[in-house]
Protein chains: 2
Amino acid sequence: MPVRSDARRNHQVLLDAAREAFAEHGTDASLRDVARRAGVGIGTLYRHFPAREALLEALLRDDFDRLAERAAALADGDPREALLTWLRELAVGQRTIRGLPESVMEALRDEESQLHASCQAMRDAGGRLLARAQKEGAVRGDLTANELLALVAGLVWASEYAPDSGARLDRLLRVAMEGVGNGHE
Amino acid sequence: MPVRSDARRNHQVLLDAAREAFAEHGTDASLRDVARRAGVGIGTLYRHFPAREALLEALLRDDFDRLAERAAALADGDPREALLTWLRELAVGQRTIRGLPESVMEALRDEESQLHASCQAMRDAGGRLLARAQKEGAVRGDLTANELLALVAGLVWASEYAPDSGARLDRLLRVAMEGVGNGHE
DNA sequence: ACCTGAACACCGTTCAAGT
DNA sequence: ACCTGAACACCGTTCAAGT
């Protein structure tokens with residue numbers, strides 16, 4: 001984090017501009033355009049974020065942290081409903097950052113990275129919601145938080161290809177919940 | 001399709017080079033690099049494929065057509081096994097072309113496009129395998145081919161983020177088959 | 001301590017000139 | 001009928017010059 005107040009301001013303005021640009025043009029939006037939106041020179045962008053990867057990671061970390069807080073806030077109330085509500089919010093967040101480049105996926109897997117730590121914290125928070133739902137008997141007991149998050153993320157991604165992505169997502173979530181098999185195999 | 005033999009050769013060489021480059025550097029590999037690999041001028045690439053989109057669509061159509069043929073070839077044998085085998089091959093194909101740009105996804109949704117037609121033919125072929133498995137009672141009856149393909153594609157995508165993507169995929173497929181819920185909710 | 005913009009190498013895409 | 005490569009506008013990234 002920068003210490004001078006103008007720098008701190010630029011840092012935030014750049015993040016906001018980047019979120020906008022990535023939402024509009026996908027994950028490889030022009031960084032020059034981001035700097036233009038933020039009203040700073042291209043050099044300033046690079047001083048704060050030495051590569052596109054750094055920008056994406058910063059945004060992703062914000063998302064993870066926000067979702068972790070939301071999970072904590074949902075820790076009361078009906079276990080099953082709390083989990084479903086949180087997964088829905090996860091789905092919305094997932095939608096904003098599509099097509100992460102390989103470099104970010106690597107950082108996500110790197111156990112030393114701050115990104116991994118934020119992701120881990122979110123998974124832990126979500127895991128507590130999962131555990132409650134499992135204890136109540138609403139969800140099969142052998143499912144890990146990792147697997148559940150991957151499952152939901154995958155279905156969100158797949159839904160985007162459908163004409164009516166919202167309806168498709170609801171349907172796929174239901175199928176995944178009940179199972180593809182018909183139970184008496 | 002070009003008529004002169006040198007042009008027809010270039011067409012194929014360009015497709016091969018593109019498949020290589022996209023596999024290595026993702027869907028936004030350098031087109032200049034593709035032309036270099038193919039050993040032709042950059043202008044020739046543009047004469048055959050007026051935009052990156054055209055290149056991606058041509059490759060995708062090949063994949064769809066190949067998978068449709070495979071489905072037809074699997075139409076004998078045990079219904080459940082045939083469907084699972086085919087879905088596994090679908091998963092492998094899915095892996096090769098990751099991060100399709102929005103333009104291609106639009107073409108995929110456009111019912112007039114050749115890409116849509118190829119995709120439709122593949123879905124129909126897969127749908128026949130699905131129908132057999134449903135008739136046998138191995139798969140719930142209300143699932144459409146569209147939904148099944150979306151589900152599998154999503155799980156493949158999600159598996160890529162795991163350290164051991166093969167194991168993760170197997171696990172997610174199993175969970176989706178049996179259901180996330182524990183059956184007595 | 002931080003900001004700026006020119007500079008370099010590269011890319012996507014077009015098109016006049018060739019055979 | 002097809003191929004080529006120079007040309008243009010743009011981009012990612014670096015860095016010397018500024019305050």
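Letters A, B, ... mirror the listed sequences (proteins, then strands); counts begin at 1.
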Please test B:R174 against B:E178 for salt bridge (Lys or Arg N to Asp or Glu O under 4.0 Å), starting from the C-alpha separation and ending with a verdict.
-> CA-CA 6 Å; B:R174 172 167 296 276; B:E178 298 170 357; 3.2 Å; yes
**OP:** Just jot down the side-chain hydrogen bond (donor to acceptor under 3.5 Å, both in side chains) partners of A:D16, sequence neighbours excluded, or say none.
**Re:**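 Partners of A:D16 under the side-chain hydrogen bond (donor to acceptor under 3.5 Å, both in side chains) test: A:Q12.
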- Between the side chains of B:T44 and B:N10, does any donor sit under 3.5 Å from an acceptor?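 Per modelled atom types, B:T44 and B:N10 side chains form no pair under 3.5 Å.
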- Task: Classify the side-chain pair B:R61/B:Q114 by whether it contains a donor and acceptor separated by less than 3.5 Å.
- Result: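 Distance-only check passes for B:R61 and B:Q114.
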message = Among A:L83, A:L129, A:V139, A:L90, exactly one meets side chain to side chain contact (heavy atoms under 4.5 Å, CB included) together with A:L148. Which residue is that?
response =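 Looking at A:L83, A:L129, A:V139, A:L90, the match for A:L148 under the side chain to side chain contact (heavy atoms under 4.5 Å, CB included) is A:L83.
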Worksheet item: Can A:H116 and A:D110 be said to form a side-chain contact (heavy atoms from CB on, under 4.5 Å), step by step?
Response: CA-CA 6 Å; A:H116 183 87; A:D110 172 17; 5.8 Å; no
Intra- and inter-strand pairing of DNA chain D, written as dot-bracket with Watson-Crick and G-U pairs under 3.5 Å and | for the latter, reads ||.|||||...|||||.||
Let me know the distance between [atom1] of [X] and [atom2] of [N], rounded to the nearest Å.
| X | N | atom1 | atom2 | answer |
| --- | --- | --- | --- | --- |
| A:N10 | C:dT4 | CG | C1' | 12 Å |
| B:R8 | D:dA1 | CZ | C1' | 13 Å |
| A:R47 | C:dA1 | CZ | P | 9 Å |

In B/S/- notation (B base, S sugar-phosphate only, - none; protein heavy atoms under 4.0 Å), nucleotides 7-19 of chain D written 5' to 3' is B---BBBB-----
| field | Nearest listed nucleotide, side chain of A:D6, among C:dA1, D:dC3, C:dC3 | value |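 Side chain of A:D6 sits closest to C:dC3.
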Checklist entry - Hey, does the side chain of A:H48 come within less than 4.0 Å of C:dC2's phosphate (OP1/OP2), counting only N and O? => result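 Checking A:H48 against C:dC2: no side-chain N or O falls below 4.0 Å of OP1 or OP2.
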Does B:V13 reach the side chain of B:V40, with side-chain heavy atoms less than 4.5 Å apart?
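With C-beta onward as the side chain, the pair stays apart.
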Q: Identify whether any heavy atom of B:H11 sits under 4.0 Å from a base atom; if not, whether one sits that close to sugar-phosphate; answer base, sugar-phosphate or nothing.
A: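 It contacts nothing in the nucleic acid.
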| said: Parallel, tilted or perpendicular, judged at 30° and 60°: which one describes the rings of B:W157 and A:W157? | reply: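 Answer is parallel, since the angle falls under 30°.
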